Amino acid sequence: MKGFWLERAWLPGGPASRVLVRADGGRITDVSTVDSIPLGVERLRGMVFPGFANAHSHAFHRALRGRTHGGGGTFWTWRERMYELAGRLTPESYLELARAVYAEMAVAGVTAVGEFHYLHAGGNEMGEALRAAAAEAGVRITLLDACYLTGGIGEPARGVQERFSDGTAERWASRVAELREDANTRVGAAIHSVRAVPREALPLVAGAFPDRPLHVHLSEQPAENRACLDAHGVTPTRLLAEAGALTPRTTAVHGTHLTAEDVALLGSSGTGVCFCPTTEADLADGIGPARELADAGSPLSLGSDQHAVVDPLLEARALEHGERLRTGRRGRFTPAELVAALTNHAAIGWPGAGRIEVGAPCDLVAVRLDSARTAGAEPDQVVLAATASDVTAVVSGGRVVARDGVHETLGDVGRLLGEVL
C-alpha cells in the first residue's frame, strides 16, 4: 500500500486541496481530504494532475529536432529527411532512441503514449523494441500499428517506404495479430492515411481489430485532400466514413483541413480528433477547427507527433492559442476542457486512466505553483501558465518515475538523448 498527499489535486469534480491518495497494485484504492498528513506518505506540492496522455507519437522523429530548419521548405521536404532517418534505423538503435524519447516524455508528465508505428522493416522487431523502451521508461504504450501499402494514391511504395509496407492489408493484419498485450502494452491499429491505404483495403483495415483503438492521419495537408478528391471524388473524411472507419474507437490525427461536412461526419460518429499543435506549427500544416469538432461531438486529445517539443502542457495551451489565432477570440476552451484533452487516455485504449479516483491507475503529475512561470496564477488556470519545466514529480502506476526533470532509473534525460542522437 502506498500513500500520496497532494497539496492541490485536479479531481473529477474540480480542484481540491489537501488530498490523500492511497494506492495498491498500481491502482488508486482511496481518495480523501485530510486535515493532517499521515506518516510515511509521499508529499506532492503544487497542483497535481492525473497522468498526461500523449495520444500521437512517432518516436524516431525525435532525432530530427533542430536539424531540418536550414533552407526552409515544406512538410514534403521535411518528409525526405524523415525517410533518410527511417532507412538507417535497426531494432537495436531504435530501442536506444525510443528509450530516451519515452524518458523525455516521462519527466514531462506523460504516463501513457500512443505510438503510431509504421517503421515495420518486415516484421515486429521494431514494435518489440518500442514495447521494451516504454517499459524501461515507466510509460504505458499503445502500439498503434499502421497499415502502409502505397506511396501515394495509385502509386507503389518506393525506396524507404518499402520498410513501412506489408504488401497487402491481409499480411498487415496477420502480422499485427502476432503482437501480444501485457500490463504495460496495448495493441491498436492505424490507417496511415488515405494516401497509403487504397480505397478497397480501407474496410479490411478498419474492421480487422474491432475491439481495439483505430487511428488515422487525416487531412494534414491540402495536397492530400486534392489528391483524394481527384482520385475518388470525395474528401478523405467521406472516404473513411464510407469504409466504416469513423467510430467512437477511432481517432483522427490532425484534422487540419476539413470541410463543414467533414466536421459533421467526425462529430456525429463520435470519432475523436488528436491535435498536435507544436508539430502542426513546426511543419507549417495549419490550424484545424478544434472548437467546431468538439462542439460537433468529437472528443479531443493531444500528441507531440514528431517531438519538435515534448511538453504536454504546452500542447494544451497551444490548442487554445491556435483557436485564438484562428478566430480572434479568447477563451475558446476552458481550463477544464484543456485538462480533459491533456488526460484523454481513452483515445489510446486506456479508458480507466486519466482521473484521480478509486480504480484508476495511480498516475500523478505534480506541477509547481511558485515558479517564475506559474507564480501568481490561479491554481485552476495553471494549465495556461506552466510548462514541463514546472513538473516536479511524476508517478506512474503508483511508482515515482521522475523528480525535477531527472528520470528515477535512467537518470539525466539530456545526457541520455545526447548519447543516442
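In this text, all values refer to a predicted model and were calculated from it rather than measured experimentally.
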Let me confirm one number: the [atom1]-[atom2] distance from [X] to [Y], rounded to the nearest 0.5 Å.
| X | Y | atom1 | atom2 | value |
| --- | --- | --- | --- | --- |
| Tyr148 | Ile191 | OH | CD1 | 14.5 Å |
| Asp305 | Cys276 | CG | SG | 4.5 Å |
| Leu342 | Leu314 | CG | CG | 11.0 Å |
| Thr334 | Gln381 | OG1 | CD | 10.0 Å |

Next item on the list: Run the numbers on Phe60 and Met82 for side-chain contact (heavy atoms from CB on, under 4.5 Å), then give the verdict.
Entry: CA-CA 9 Å; Phe60 76 97; Met82 181 269 286; 3.7 Å; yes

Would you name the heavy atoms of [X] and [Y] that are closest together and state the gap between them?
| X | Y | value |
| --- | --- | --- |
| Ala245 | Thr250 | O-OG1, 2.7 Å |
| Ala59 | Ala98 | CB-CB, 4.3 Å |
| Glu224 | Glu220 | OE1-N, 3.6 Å |

Using 4.0 Å as the upper bound for N to carboxylate O, is an ion pair formed by [Y] and [X]?
| X | Y | answer |
| --- | --- | --- |
| Glu408 | Arg403 | yes |
| Glu320 | Arg317 | no |
| Arg131 | Asp182 | yes |

Quickly, which of [options] forms a side-chain contact (heavy atoms from CB on, under 4.5 Å) with [X]? Name it, please.
| X | options | result |
| --- | --- | --- |
| Arg140 | Val113, Thr185, Ile348, Asp363 | Asp363 |
| Ser219 | Thr256, Leu258, Val194 | Leu258 |
| Phe333 | Leu384, Leu319, Val339, Val383 | Leu319 |

Side-chain donor-acceptor contacts of residues 19-37 below 3.5 Å, not counting sequence neighbours, with atom names and distances?
from  : atom 1 : to     : atom 2 : distance (Å)
Arg27 : NH1    : Gly359 : O      : 2.7
Thr29 : OG1    : Arg22  : O      : 3.2

Side-chain donor or acceptor of [X] paired with backbone N/O of [Y] under 3.5 Å:
| X | Y | value |
| --- | --- | --- |
| Arg373 | Ala385 | no |
| Ser93 | Leu89 | no |
| Thr374 | Asp370 | yes |

Next item on the list: Start with the C-alpha gap between Val48 and Arg8, add the side-chain angles, then the distance that decides, and say whether side-chain contact (heavy atoms from CB on, under 4.5 Å) holds.
Entry: CA-CA 6 Å; Val48 181; Arg8 291 182 176 87; over 6 Å; no

Margin query: Run the salt bridge (Lys or Arg N to Asp or Glu O under 4.0 Å) test against Glu419 and tell me which residues pass, sequence neighbours left out.
Written below: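 Once residues adjacent in sequence are excluded, the partners of Glu419 under the salt bridge (Lys or Arg N to Asp or Glu O under 4.0 Å) criterion are Arg415.
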
Notebook entry, point to check: What's the verdict on side-chain contact (heavy atoms from CB on, under 4.5 Å) for Leu64 and Arg62, showing C-alpha distance, side-chain angles and the deciding distance?
Noted result: CA-CA 5 Å; Leu64 296 174; Arg62 172 61 180 83; over 6 Å; no

Does either side chain, that of [X] or that of [Y], offer a donor lying less than 3.5 Å from an acceptor on the other one?
| X | Y | result |
| --- | --- | --- |
| Asp262 | His257 | no |
| Trp172 | Asp145 | yes |
| Ser371 | Asp390 | yes |

Next item on the list: With side-chain contact (heavy atoms from CB on, under 4.5 Å) as the test, would you mind laying out the steps for Val139 and Thr111 before giving the verdict?
Entry: CA-CA 5 Å; Val139 174; Thr111 56; 6.0 Å; no

Item checked: Parallel, tilted or perpendicular: rings of His117 and His120 (30°, 60°) ->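 If you compare the ring of His120 with that of His117, the planes turn out perpendicular.
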
Notebook entry, point to check: Does CD in Glu181 sit with more than 12 non-hydrogen atoms of other residues, nucleotides or ligands closer than 6.0 Å?
Noted result: yes

Checklist line | Qualifying side-chain hydrogen bond (donor to acceptor under 3.5 Å, both in side chains) pairs with a residue from residues 65-76, counting only residues at least two apart or across chains | finding: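 Sorted pair list: Arg65-Glu104.
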
Next item on the list: Step by step, work out the side-chain hydrogen bond (donor to acceptor under 3.5 Å, both in side chains) result for Ser304 and Glu315.
Entry: CA-CA 7 Å; Ser304 61; Glu315 301 290 352; 5.5 Å; no

Note to self: Please determine whether side-chain hydrogen bond (donor to acceptor under 3.5 Å, both in side chains) holds for the pair Glu115 and Tyr102, giving the CA-CA distance in whole Å, both sets of side-chain angles, and the decisive distance to 0.1 Å.
What the structure shows: CA-CA 10 Å; Glu115 183 63 35; Tyr102 295 150; 2.8 Å; yes

Next item on the list: Would you mind telling me which of His217, His215, His307, His192 makes a ring pair (Phe, Tyr, Trp, His ring centres under 6.0 Å) with His58?
Entry: His217

